[in-house]
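Since the structure comes first, as structure tokens, the remarks are kept for the end.
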Amino acid sequence: MLTWMAWTWPTGLFFIGVFTAMAIITVIEIKKPGTSARKGALGLVTTRGDRLFLSLMGSAWIFLAWLGIVGTPLWIPLALAISWGIFCFRKV
């Protein structure tokens, strides 16, 4: 049924991680609606969803740039992406 895409463990874990992050953000927003807006380091007023989007987009660019410039291994961009995500949720 899903043979059109090359499902591997890393691909599956990636999608599970993204959907889990969205589910967690949804649950938090349902429990405490509207309490997450703040002005961060970039001077933007962002919500939890905005910060999740920025962290996911930034992580994608980090990995694409790393693959285009260096190639493998991907442990260093993984650490950079996690650091970027932490920065986004704490400072942006």
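Note: the hydrophobic cluster containing Met57 does not contain Phe89 (ILVMFWY, side chain heavy atoms under 4.5 Å, direct or indirect links). The cluster map of Ile, Leu, Val, Met, Phe, Trp and Tyr, joined by side-chain heavy atoms under 4.5 Å apart, puts Trp9 and Phe15 in different clusters. No path of Ile, Leu, Val, Met, Phe, Trp and Tyr side chains, each step under 4.5 Å between heavy atoms, connects Ile28 with Phe19, placing them in separate hydrophobic clusters. Follow the hydrophobic side-chain contacts under 4.5 Å out from Met22 and you never reach Ile24; the two are in separate clusters.
The list of salt bridge (charged side-chain N to carboxylate O under 4.0 Å, His left out) pairs with a residue in residues 40-69, not counting sequence neighbours, reads Glu29-Arg48.
Nearest approach of Ala21 to Leu52, heavy atoms of both residues: CB-CD1, 4.0 Å. The two residues Ser55 and Gly85 have their closest heavy-atom pair at CB-CA, 3.8 Å. Taking every heavy atom of both residues into account, Gly43 and Lys39 meet most closely at O-CE, 3.6 Å.
Between the side chain of Thr46 and the backbone N or O of Val92, at least one donor-acceptor pair lies under 3.5 Å.
Atoms CZ and OG1, from Phe53 and Thr47 in turn, are 11.5 Å apart once rounded to the nearest 0.5 Å. Here the straight-line distance linking atom CG of Leu13 with atom OG1 of Thr20 works out to 10.0 Å at 0.5 Å rounding.
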Side-chain donor-acceptor pairs of residues 60-74 under 3.5 Å, sequence neighbours excluded:
unit_1, atom_1, unit_2, atom_2, d
Trp66, NE1, Gly71, O, 3.1
Trp66, NE1, Pro73, O, 3.0

